[in-house]
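Have a look at the structure below, then the notes.
When a residue number appears, it is its place in the shown sequence, counting from 1.
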Amino acid sequence: MAVEKAYKLLALQENISNNEAKSLIDSGLVYLSGKKIILARGLVNTSAKFKVTKLKKPTIIFEDENILAINKPEFINSLDIEKKYKFPLINRLDKETSGVILLAKNEGFRQKVIKEFKNLNVKKTYIAIVNGIVSEKIEINDKILTIKNNNSKGRNEAFSKISDNGKTAFTTVYPFMVSGKKSLVKIEIKTGRTHQIRVHLAAYDHAVIGDEKYAKLSSKRLFLHSYKTEILGYSFVAPLDNSFNEFGFEISKDMKF
C-alpha cells in the first residue's frame with residue numbers, strides 16, 4: 001500500500017501549496033473517513049480523499065467611534081481578527097471558540113475598557129453543548145492555574161488546570177435544553193482565566209463537546225460560543241449559527257438566551 005504525508009496529498013487534491021495544506025490541517029478543518037486529521041505529517045494512503053471544512057467569514061455586530069464588535073467564527077485566531085480590522089483587541093477567544101470579540105478604535109477607550117475587565121465589571125455569557133444531562137444550575141468557583149510552554153512548533157501553548165495555587169475563577173452554568181445525553185447550556189463567567197469554561201466543565205463531568213484538549217471529545221467543532229458581552233453600557237450579541245443544531249438541538253438565530 002502506497003502512503004504519503006497527509007499535507008502533501010491534501011495540497012495536490014485542493015491544488016494549494018504545502019504550507020496552505022498544513023495550515024488547514026492544523027486548524028482542524030480536514031477530515032478523512034469522518035475523522036479529523038490531527039497530524040499534517042502523518043502518513044495516509046495515497047488514494048485518500050479528504051473532506052475540507054470551509055472557514056466562515058467574521059461579521060460586524062456593531063461599530064461606533066469607540067468600539068468594533070465582531071462575531072468571530074470558529075477556527076480563526078483572534079489575532080487574525082485584529083489584523084483584518086486594523087484595531088487592537090480588547091478581548092480574545094480561543095481559536096476553536098466562536099462569538100463576540102471586541103476591538104478598540106482609540107487608546108483612551110481601550111484603557112477605560114481594560115480597567116473594566118480588571119475590576120470584573122464585564123458580564124460575559126456563553127452558550128455550549130456539553131456532555132451529560134444538566135438539569136439544574138451549577139456554580140463553580142475552583143481556582144485555575146495556567147502553565148505556558150513553547151510547543152514543538154515554537155508557539156506559546158497554554159494548559160490550565162484546577163489548583164489551589166491558581167487564580168480565582170467563577171463560572172455559573174444554567175440548563176437550557178437536553179437532547180439524548182447532551183445538554184445545551186448558558187454559561188456566565190465573572191472572570192476570564194485561560195480556558196476557564198472548558199477546564200471547569202470538564203472537571204464537573206460536563207465537558208464541552210469537541211474539547212479535545214481537556215476531555216478528548218472529538219467533534220466537527222468545539223461547541224462553545226461567546227453569545228453576549230456587556231460592558232460600559234454596551235450590549236453585544238452574536239447569534240448562534242446552524243452548527244449548534246447538531247445532536248438533535250433546534251436553534252434559531254432569533255432565539256434569546
Problem - Exercise: identify the closest heavy-atom pair between Val178 and Val134 - result: CG2-O, 4.1 Å

Handout entry: Salt-bridge criterion met for Lys36 and Glu212 (N-O under 4.0 Å)
Key = yes

Practice task
Please confirm whether the backbone N or O of Lys115 pairs with a side-chain atom of Asn119, one donor and one acceptor, at under 3.5 Å?
Solution key: yes

Handout entry: His200 side-chain N/O to Asp142 backbone N/O, donor-acceptor pair under 3.5 Å
Key = yes

Practice task
State, yes or no, whether a side-chain contact exists between Lys105 and Glu63 at a heavy-atom distance under 4.5 Å.
Solution key: yes

Exercise for the section: Establish whether Val173 and Leu217 are linked, either directly or via other cluster members, by ILVMFWY side-chain heavy-atom contacts under 4.5 Å. Expected result: no

Practice task
Decide yes or no for Asp164 and Lys143: does some side-chain heavy atom of the first lie under 4.5 Å from some side-chain heavy atom of the second?
Solution key: no

Exercise for the section: If the plane angle is over 60° it's perpendicular, under 30° parallel, otherwise tilted; pick one for Phe223 and Phe244. Expected result: perpendicular

Practice task
Cation-pi check, Lys186 to Tyr174: give yes when NZ or CZ is under 6.0 Å from the six-membered ring centre and within 45° of the ring axis, no otherwise.
Solution key: yes

Handout entry: Ile37 with Leu24, same ILVMFWY side-chain cluster at under 4.5 Å
Key = yes

Fill in the blank from the handout: Looking only at heavy atoms, the pair that brings Arg110 and Ala104 closest together is CB-CB, 3.5 Å

Practice task
In sequence, state the C-alpha distance, the side-chain angles, and the governing distance for Ile70 and Ile61, and then conclude on side-chain contact (heavy atoms from CB on, under 4.5 Å).
Solution key: CA-CA 5 Å; Ile70 302 295; Ile61 299 170; 5.9 Å; no

Handout entry: Expected output: side-chain Asn91 to main-chain Ile101 donor-acceptor under 3.5 Å
Key = no

Exercise for the section: Decide if atom CD of Glu107 counts as having more than 12 heavy atoms of other residues, nucleotides or ligands within a radius under 6.0 Å. Expected result: yes

Exercise for the section: Could you tell me whether the side chain of Met177 reaches within less than 4.5 Å of the side chain of Ile251, counting heavy atoms only? Expected result: yes

Problem - Heavy-atom donor-acceptor pair, Tyr227 side chain to Val100 backbone, under 3.5 Å - result: no

Handout entry: Distance (rounded to the nearest 0.5 Å) between Ile231 CD1 and Ile90 CD1
Key = 6.5 Å

Problem - From CD1 (Ile76) to OG1 (Thr97), nearest 0.5 Å - result: 12.5 Å

Problem - Greater than 12 external heavy atoms within 6.0 Å of Lys190's NZ - result: no

Exercise for the section: Tell me yes or no: between the side chains of Ser160 and Gln196, is some donor less than 3.5 Å from an acceptor? Expected result: no

Practice task
Could you tell me whether Glu74 and Lys56 make a salt bridge, using a distance below 4.0 angstrom between a side-chain N and a carboxylate O?
Solution key: yes

Exercise for the section: Taking the side chain as every heavy atom from C-beta outward, state whether Tyr31 and Lys220 have any atom pair closer than 4.5 Å. Expected result: yes

Problem - Check: Glu116 and Leu232 side chains under 4.5 Å, non-hydrogen atoms - result: yes

Handout entry: From OH (Tyr126) to CZ (Phe257), nearest 0.5 Å
Key = 15.5 Å

Completion exercise
Tested for side-chain contact (heavy atoms from CB on, under 4.5 Å) against Ser78, the lone hit among Leu103, Leu89, Asp94 is Leu89

Practice task
Scan side-chain atoms only and decide if Ser23 and Glu20 contain a donor-acceptor pair under the 3.5 Å cut-off.
Solution key: no

Exercise for the section: Decide whether Asn131 and Asp205 meet the rule of one side-chain donor and one side-chain acceptor closer than 3.5 Å. Expected result: no

Problem - Side-chain donor-acceptor pair present, Tyr214, His195, cut-off under 3.5 Å - result: yes

Exercise for the section: State, yes or no, whether a side-chain contact exists between Lys213 and Arg198 at a heavy-atom distance under 4.5 Å. Expected result: yes

Exercise for the section: Taking the side chain as every heavy atom from C-beta outward, state whether Leu79 and Arg92 have any pair of such atoms under 4.5 Å apart. Expected result: yes

Handout entry: Residue pair Pro175 / Ser183, side-chain heavy-atom distance below 4.5 Å
Key = no

Practice task
Kindly check if the number of other-residue, nucleotide or ligand heavy atoms within 6.0 Å of NZ (Lys161) is above 12?
Solution key: no

Problem - Straight-line distance of Asp211 CG to Ile129 CD1, nearest 0.5 Å - result: 13.5 Å

Practice task
Working to the nearest 0.5 Å, report the span between CD1 of Ile144 and CZ of Arg193.
Solution key: 8.0 Å

Exercise for the section: Check for a donor-acceptor pair, side chain of Glu230 on one end and backbone N or O of Lys124 on the other, with a separation under 3.5 Å. Expected result: no

Exercise for the section: Establish, yes or no, whether the cationic atom of Lys182 lies under 6.0 Å from the six-membered ring centre of Phe247 and within 45° of the ring axis. Expected result: yes

Problem - Heavy atoms from other residues, nucleotides or ligands near CD of Gln111 exceed 12 (cutoff 6.0 Å) - result: yes

Problem - Heavy-atom donor-acceptor pair, Asn77 side chain to Asp80 backbone, under 3.5 Å - result: no

Handout entry: Whether Tyr234 and Phe236 hold their rings parallel, tilted or perpendicular, with breakpoints at 30° and 60°
Key = parallel

Practice task
Give a yes-or-no answer on whether the side chains of Ser17 and Asn19 include a donor-acceptor pair shorter than 3.5 Å.
Solution key: no

Problem - Co-membership, hydrophobic cluster, residues Phe50 and Ile38, 4.5 Å side-chain - result: no

Problem - Rounded distance [0.5 Å steps], CZ in Phe159 versus NZ in Lys148 - result: 14.5 Å

Problem - Side-chain donor-acceptor pair present, Arg221, Ser98, cut-off under 3.5 Å - result: yes

Practice task
Decide whether a cation-pi geometry holds between Lys22 and Tyr7; the criteria are a distance under 6.0 Å from NZ or CZ to the six-membered ring centre and an angle within 45° of the ring axis.
Solution key: yes

